[in-house]
Amino acid sequence: MKLPITIHQARLGAENFKVIRPASPLPHAVLANQGLRLNLSLDQESAQHIGALWTLAATSPRALIHLPLRATQPGTHTLDLVLLHHSRQFTPSRWKDVRRRLTPGRPRTVTLPDATPADEPETDPGTRHHRENRDRFHQHLYAETLFMTGSAKLFRETTNRFSGIARHNPTPPTPHHCTEFHSTDGTLTPTAQEIHIELCPH
C-alpha cells in the first residue's frame, strides 16, 4: 500500500521531534471518550489508512504518528490520536509545545505491505496474561489527545484490528461489524481504557 504522509519537525531546546501525519484528513473517523471506554467509529477507507499508520508506528520508533481526527469532527468528547514507540520515551505533557512548534509538512509517500489475511498473528492470549508480560499498550490522555505507546511487535500484531474492518463486506440487514482492544485480551495495561472500534459505512 502506498500511503501519502506529511513529515513535520519541532524543536524544543536541544531536542528535535519528528511528527508524521496523514497527507489528507480522515473525515470519516471519530475517536470519542465515552468515560468507561473509548469509541472509534470509521468507514473502511479510514480503517485502511489507520491500519497503515499503525504499521508505520511499528517501523518508525523515533517518530510520533499524529492523527488529527478532531479537525474534521470537533466535539466535546472527541480526541486526536498519537501513536509512538515506547523507546521514544515521550512525555505527553510536552505535546502542546511540540504541536505549536511544528513546521509545515513535507509531503512524502511511503510504501507499506498490503494487509492480507496472513497478517502477523497475535501472541497467544494466554501468554499475554502472564504476569511477566509487559508488552502492552500504555495510554495517556492529554490536551484532547489519546497517546498509545507500545512496542514495534505490539503495533504489528494489532494492525489486524483495522485491516479486518477494511476487508469486511457489510451486507444488509446486518452491516454492523466491530472489534476492540479489550481489558481481557492482554494488549492493554490494567489502567487503560478499552477501545471499541466500529465500522460505520454511512
Side-chain angles (χ1 to χ4, degrees), residues 1-7 19-34 37-60 63-75 77-84 105 107-123 125 137 139 144-148 150 152-182 185 187-188 192-202:
M1 175 182 179
K2 293 188 181 299
L3 178 68
I5 59 172
T6 54
I7 300 176
V19 176
I20 297 174
R21 287 172 168 166
S24 301
L26 302 178
H28 303 128
V30 182
L31 177 62
N33 187 355
Q34 298 182 333
R37 72 176 185 182
L38 301 160
N39 193 78
L40 177 58
S41 303
L42 37 64
D43 64 3
Q44 288 172 298
E45 183 179 0
S46 296
Q48 184 180 30
H49 277 83
I50 293 177
L53 292 162
W54 215 263
T55 299
L56 190 60
T59 59
S60 307
L64 283 71
I65 312 297
H66 177 215
L67 285 71
L69 303 178
R70 297 186 73 253
T72 56
Q73 298 287 346
H77 302 292
T78 56
L79 300 169
D80 281 353
L81 177 62
V82 170
L83 314 174
L84 62 155
R108 182 181 171 190
T109 299
V110 295
T111 301
L112 299 168
D114 288 330
T116 69
D119 289 340
E120 181 170 343
E122 292 193 36
T123 299
F137 282 116
Q139 289 180 355
E144 298 176 313
T145 303
L146 170 66
F147 295 84
M148 293 285 286
K153 182 175 185 289
L154 189 56
F155 276 112
R156 283 197 308 270
E157 288 186 353
T158 54
T159 298
N160 58 18
R161 300 287 209 280
F162 301 97
S163 59
I165 285 182
R167 289 193 298 262
H168 179 69
N169 182 22
T171 304
T174 57
H176 179 80
H177 184 68
C178 65
T179 185
E180 59 190 347
F181 290 89
H182 197 273
D185 66 15
T187 61
L188 301 172
Q193 290 174 271
E194 295 177 345
I195 306 175
H196 181 253
I197 306 169
E198 179 183 14
L199 173 64
C200 297
H202 305 299

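Throughout, residue positions are numbered sequentially from 1 according to the sequence presented.
Screening L40, L53, T55 against F162 for a side-chain contact (heavy atoms from CB on, under 4.5 Å) leaves a single residue, L40. With respect to E194, the side-chain hydrogen bond (donor to acceptor under 3.5 Å, both in side chains) criterion is satisfied by exactly one of Q34, H182, R37: H182.
In this structure the side chain of D185 never reaches within 4.5 angstrom of the side chain of E180, judged on heavy atoms. A heavy-atom distance below 4.5 Å is not found between the side chains of F155 and T59. Residues Q139 and I195 have side chains in contact (heavy-atom distance under 4.5 Å, counting atoms from C-beta outward). Residues R161 and T187 meet the side-chain proximity criterion, which asks for heavy atoms closer than 4.5 Å. Side-chain contact check for L69 versus T78: every heavy-atom pair is 4.5 Å or farther apart. When side chains are defined from C-beta on, D43 counts as touching E45, because their heavy atoms get closer than 4.5 Å.
Note that the CD1 atom of I165 and the CG atom of L199 stand 6.0 Å from one another [nearest 0.5 Å]. The distance from atom NE2 of H28 to atom NE2 of H49, rounded to the nearest 0.5 Å, is 12.5 Å. With rounding to the nearest 0.5 angstrom, the CG atom of L67 is 8.5 Å from the CH2 atom of W54.
By the 30° and 60° cut-offs, the orientation of the rings of F137 relative to F181 is perpendicular.
N39 places no side-chain N or O within donor-acceptor distance of the main-chain N or O of A32, the cut-off being under 3.5 Å.
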Could you walk me through whether H66 and L64 pass the side-chain contact (heavy atoms from CB on, under 4.5 Å) test, one step at a time?
-> CA-CA 6 Å; H66 177 215; L64 283 71; 5.8 Å; no

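H77 and N33 share no side-chain donor-acceptor pair at under 3.5 Å.
Taking every heavy atom of both residues into account, L83 and A57 meet most closely at CB-CB, 3.9 Å.
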